[in-house]
There are 2 protein chains.
Amino acid sequence: MRFNNKINCIDCENTNCFIKKHCLESIEQSDNIHENKFINRYTKNQLIFMEGNFVDSINFIQSGRVKVFKKGAFGKDQIIRLISNGDIFGHRGLSDAEKFSISATSITDTLICSFDKAFFFKLLKSTPELTYNLMLYFANELNQEEKKLRDLSIFNVREKVAKALLMMIDAYGLTKENEINHAHELSRQDIAELVGLNSNQVTKILADLKEDNILETDNKTIKIINLNSLKEIVNI
Amino acid sequence: MRFNNKINCIDCENTNCFIKKHCLESIEQSDNIHENKFINRYTKNQLIFMEGNFVDSINFIQSGRVKVFKKGAFGKDQIIRLISNGDIFGHRGLSDAEKFSISATSITDTLICSFDKAFFFKLLKSTPELTYNLMLYFANELNQEEKKLRDLSIFNVREKVAKALLMMIDAYGLTKENEINHAHELSRQDIAELVGLNSNQVTKILADLKEDNILETDNKTIKIINLNSLKEIVNI
DNA sequence: AATTTGTTATGATATAAATCATTATAAATC
DNA sequence: GATTTATAATGATTTATATCATAACAAATT
């Protein structure tokens, strides 16, 4: 749903945003960006864009949380990234691919800032600093993806679940009470899709980890009792 | 081994090389690049650089073949890419990581062109066209890595072996006789490490595929009899 | 040509993972 | 608040995968 009450990037609190960091040098430039920005509002579990669709925009999260995923056979999707405030997504569409290679879904109520692809390409051409930093950002993402690939190809089920929980903590942190998934953003199925499992396996391993006093579960909320033990599971 | 008989990029036949494509606009620039380029020669199965080492260079393959891999637990490595003439590697070191996140080993006799990291950063700053295209290249690599991640998380052993063979064909092609691994570049263990298996599993599945008239094996050489059937295995 | 070494092939066995069936619990709808 | 629907938990079963032991073969060395 289009949202017209858009704030100017200058006033935005997401200091990690690429636009905020690299594209507000002059007043003309920031006016230009403000004019070309459009904002959409999504409630929880709405599809933002779908794999296979024509790439027409580059997106940033103003507020909220989003999962980025790839569709697999038999509804077995793979979640690629969990992202939140200030994060860029849909940027793989910058490659020669004409179509989105991923889908994105809101997992909380969310506000998304977007730019037309053509405008963003112009912005890149006129802002070498942005291009340069985006290039470095991609290099870093590649490192992380390749680390994940290596991990998932050697981890057993228990290690994969630990990895999934640590990814959730990495993306969204812990509450004061050391809880994750507090707003019930992700189902067991989602957690499974972070690391290539099924929901059944996740449930069982969570029960094991509860047994081992590493965590407690209360419906979808997971309370971490011993973070170090959780980390030890993946540091073989 | 340092190799002093270096050819000028202008005369190089690797038209897919980033330097060849984007950095030879002026005579001063190409002279500058020639001066700052150094070339090393490697025989088969030599370590070019190792994960954890300080990143000091960005590298391109002048001729030969290289495997790029990550070290895992218990010697279970994961091969990330198979590369050849004109391909860039070590570029993930451009991220904020100080150390190489990957290792690289020659799998044939190989000539490698390298630039000091500091020089390459200067080159990027002074050649926005290079930075821009490198950024697009990374976006494309991310797409491919994520596709691989999704595939490996849902494929069974047979599908993984088919995927590994197709990756080898994609990287190095087929001979006139439809053979891969003709120069015995990769062992069964290497093929396993492309897709997170062990050498035993690869051997068994190759025997199955032989049974199904999809391929023939003669020691390390694999002759593809029915490429379409091989592709069908991974297109579930 | 014989010996050593490394890799590949094959079958048997043990282990881990995935699936299925059922129950319990929570959330949504009426 | 009762009913429906969706999700999570648990145990039993089937299937797939990983490991082990051994044999066959190829390459390198003497």
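Here is the naming used below: chain letters follow the sequence lines, and residue numbers restart at 1 for every chain.
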From CA spacing to verdict: salt bridge (Lys or Arg N to Asp or Glu O under 4.0 Å), B:Glu141, B:Arg92 = CA-CA 11 Å; B:Glu141 274 199 295; B:Arg92 283 146 185 74; 2.9 Å; yes
For the pair A:Asn219 and A:His184, evaluate side-chain contact (heavy atoms from CB on, under 4.5 Å) and give the outcome as yes or no after the intermediate values.
-> CA-CA 9 Å; A:Asn219 187 18; A:His184 298 186; 3.5 Å; yes
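Remark: P of D:dT17 and CG of B:Leu152 are 13 Å apart, rounded to the nearest angstrom. Going from atom NZ of B:Lys160 over to atom C1' of C:dA17 covers 12 Å, rounded to whole Å. The CG-P distance, from B:Leu206 to C:dT8, rounds to 10 Å in whole Å. The CD1-C1' distance, from B:Ile154 to C:dA17, rounds to 16 Å in whole Å. Between the CD atom of B:Glu211 and the P atom of C:dG11 there is a distance of 10 Å, given to the nearest Å. One interatomic measurement links the two molecules: CD1 of A:Ile205 to P of D:dG11, which rounds to 14 Å at whole-angstrom precision. Between the CG atom of B:Asp208 and the P atom of D:dA16 there is a distance of 13 Å, given to the nearest Å. Here C:dT7 presents its C1' atom at 16 Å from CD of B:Glu185, a figure rounded to the nearest Å.
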Pairwise N/O distances under 3.5 Å, protein to nucleotides 3-5 of chain C:
none

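Judged purely by distance below 3.5 Å, without hydrogens or angles, the side chains of A:Ser63 and A:Asn85 never pair a donor atom with an acceptor atom. Using modelled atom types and a 3.5 Å distance limit, the side chains of B:Asp109 and B:Thr43 yield no donor-acceptor pair. A donor atom on one side chain and an acceptor atom on the other are not found under 3.5 Å apart for A:Ser229 and A:Glu232.
In this view, B:Glu179 and B:Thr175, B:Glu177, B:His182, B:Thr221, B:Lys223 satisfy the side-chain contact (heavy atoms from CB on, under 4.5 Å) rule, not counting sequence neighbours. With sequence neighbours left out, B:Asn198 forms a side-chain contact (heavy atoms from CB on, under 4.5 Å) with B:Asn200, B:Gln201. Looking at residues two or more places apart in sequence or on another chain, you find a side-chain hydrogen bond (donor to acceptor under 3.5 Å, both in side chains) between A:Ser153 and B:Gln78. The salt bridge (Lys or Arg N to Asp or Glu O under 4.0 Å) test applied to A:Lys147 returns A:Asp151, not counting sequence neighbours. In this structure, A:Asp87 has no salt bridge (Lys or Arg N to Asp or Glu O under 4.0 Å) partners at least two apart in sequence or on a different chain.
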Where protein sits on nucleotides 24-29 of chain D, one letter per nucleotide: B base, S sugar-phosphate only, - none, heavy atoms under 4.0 Å = --SS--
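Crowding of B:Glu13 atom CD: a count of heavy atoms from other residues, nucleotides or ligands under 6.0 Å not exceeding 12.
For residues 58-68 of chain B, the salt bridge (Lys or Arg N to Asp or Glu O under 4.0 Å) pairs, not counting sequence neighbours, are B:Arg65-B:Glu185, B:Lys67-B:Asp190. Within the structure, the ring pair (Phe, Tyr, Trp, His ring centres under 6.0 Å) test picks out the following pairs touching residues 79-112 of chain A (sequence neighbours left out): A:Phe49-A:Phe89, A:Phe49-A:Phe100, A:His91-A:Phe138. Within the structure, salt bridge (Lys or Arg N to Asp or Glu O under 4.0 Å) contacts touching residues 192-212 of chain B (residues at least two apart or in different chains) are B:Arg158-B:Asp212.
When each of A:Val157 and B:Lys220 is assigned the nucleotide of DNA chain C bearing its nearest heavy atom, the one mapping closer to the 5' terminus is B:Lys220.
Residues of residues 187-198 of chain A having a heavy atom closer than 4.0 Å to DNA chain D, listed by number: A:Ser187, A:Arg188.
Taking every side-chain heavy atom of A:Asn156 into account, C:dA17 is the closest of D:dT17, C:dA17, C:dA9. The listed nucleotides are C:dA9, C:dC20, D:dA9; the one nearest the side chain of B:Thr203 is C:dA9. Which of C:dT10, C:dT7, C:dA17 sits closest to the side chain of B:Ala207 comes down to C:dT10.
Contacts of A:Lys204 with the nucleic acid, taken as non-hydrogen atoms under 4.0 Å apart, include base atoms.
Helical stems in DNA chain C, defined as runs of 3 or more consecutive Watson-Crick or G-U wobble pairs with donor-acceptor distances under 3.5 Å: C:1-30 with D:1-30.
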